*Asks:* 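Sharing a structure, written as structure tokens. Questions coming.
Keep in mind that this is a model prediction, so the values were computed, not measured. So you know, we letter chains A, B, ... as the sequences are listed, proteins then strands, and number each from 1.
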Amino acid sequence: MSGQEAGLTANPSLKLRVFVVLVREERQPNEFPGVGSVFGSIEKWNWVKEDPALPHAPIDWGERYATKLWSRNV
Amino acid sequence: MKTPEEIGALVRDAFTGATGEFRPCAFFDDRLDCIRVIARDCSVLETRINPYLTVLEDNYYRETDRKPYVGFTIKGARHFCSQHGFDLNSPIDISALLDAILKAFPGVAVELFVNGVARPLVKEGKIERVEIPSVSGSLPHPHPV
């Protein structure tokens with residue numbers, strides 16, 4: 001879907017903020033008609049201030065997540 | 001693996017006929033155990049007040065004459081409400097919930113959040129109650145086959 005469809009407007013990404021998406025893996029994949037197997041769900045998404053000590057991560061990432069699995073700045 | 005165009009078509013199909021005008025609302029997010037109060041639908045910045053409270057700010061309010069704060073979330077809502085004597089079998093009065101939050105988390109930041117952001121939002125949006133199912137369920141998405 002392009003940014004101009006359905007009344008949407010494409011904007012440049014916000015400075016000093018990161019876009020956070022929470023994704024949940026399903027314990028067992030569900031089958032949906034016309035879609036197929038679904039292995040996970042997007043729970044929510046939003047902008048959050050960027051952590052000053054770890055670029056590309058949300059602020060207070062150490063409190064938000066139990067483990068750092070990966071980051072652009074290891 | 002579906003292409004971006006196929007995914008776009010699926011999303012469009014899923015929302016066909018389901019769109020309508022946004023209304024200020026409060027609802028319980030069962031999977032994340034949090035109450036979400038949304039007064040305006042827009043791109044937002046989430047800022048944590050403490051591990052339980054988050055305020056939602058319009059990312060583009062400076063470019064308009066709109067107010068900056070558009071909503072908030074209360075995490076651990078089911079546990080908090082149970083601990084503070086709310087009956088989960090009936091809708092919860094948000095004003096009473098905010099009173100309980102003030103008592104539970106004394107401090108300037110929470111006081112500013114409750115009295116400066118949350119109360120005005122629920123008053124202006126006429127958002128009075130929120131329902132919390134007493135038994136954990138699942139998201140109201142289409143049933144799998």
*Asks:* Within a 6.0 Å radius of atom OH on B:Tyr52, are there more than 12 heavy atoms belonging to other residues, nucleotides or ligands?
*Replies:*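 Not buried by this count: 12 neighbours or fewer within 6.0 Å.
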
*Asks:* With a 4.0 Å cut-off on N to O distance, would you call B:Glu57 and A:Lys49 a salt bridge?
*Replies:* no

*Asks:* Are any of the side-chain heavy atoms of B:Asn59 and A:Leu14 separated by less than 4.5 Å?
*Replies:* yes

*Asks:* Would you say that A:Arg17 contacts B:Glu46 through its side chain, given a criterion of any heavy-atom pair below 4.5 Å between the two side chains?
*Replies:* no

*Asks:* Step through the shown structure and confirm whether more than 12 heavy atoms of other residues, nucleotides or ligands are within 6.0 Å of CZ on B:Arg66.
*Replies:* yes

*Asks:* Are there more than 12 heavy atoms of other residues, nucleotides or ligands under 6.0 Å from atom NE2 of B:His84?
*Replies:*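 Count over threshold, so yes.
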
*Asks:* Indicate yes or no for a side-chain donor-acceptor contact from B:Arg31 to the backbone of A:Arg24 under 3.5 Å, with no hydrogens or angles considered.
*Replies:* no

*Asks:* Hey, are the side chains of B:Thr47 and A:Ile59 touching, using non-hydrogen atoms and a 4.5 Å cut-off?
*Replies:* no

*Asks:* Is chain A contacted by the side chain of B:Ser43, its backbone, both, or neither, given a heavy-atom distance below 4.5 Å?
*Replies:* side chain

*Asks:* Looking at B:Lys67, I'd like to know if its NZ atom is crowded, meaning that more than 12 non-hydrogen atoms belonging to other residues, nucleotides or ligands lie closer than 6.0 Å.
*Replies:* no

*Asks:* Do B:Tyr69 and B:Leu97 share a hydrophobic cluster (ILVMFWY, side-chain heavy atoms under 4.5 Å, transitive)?
*Replies:* yes

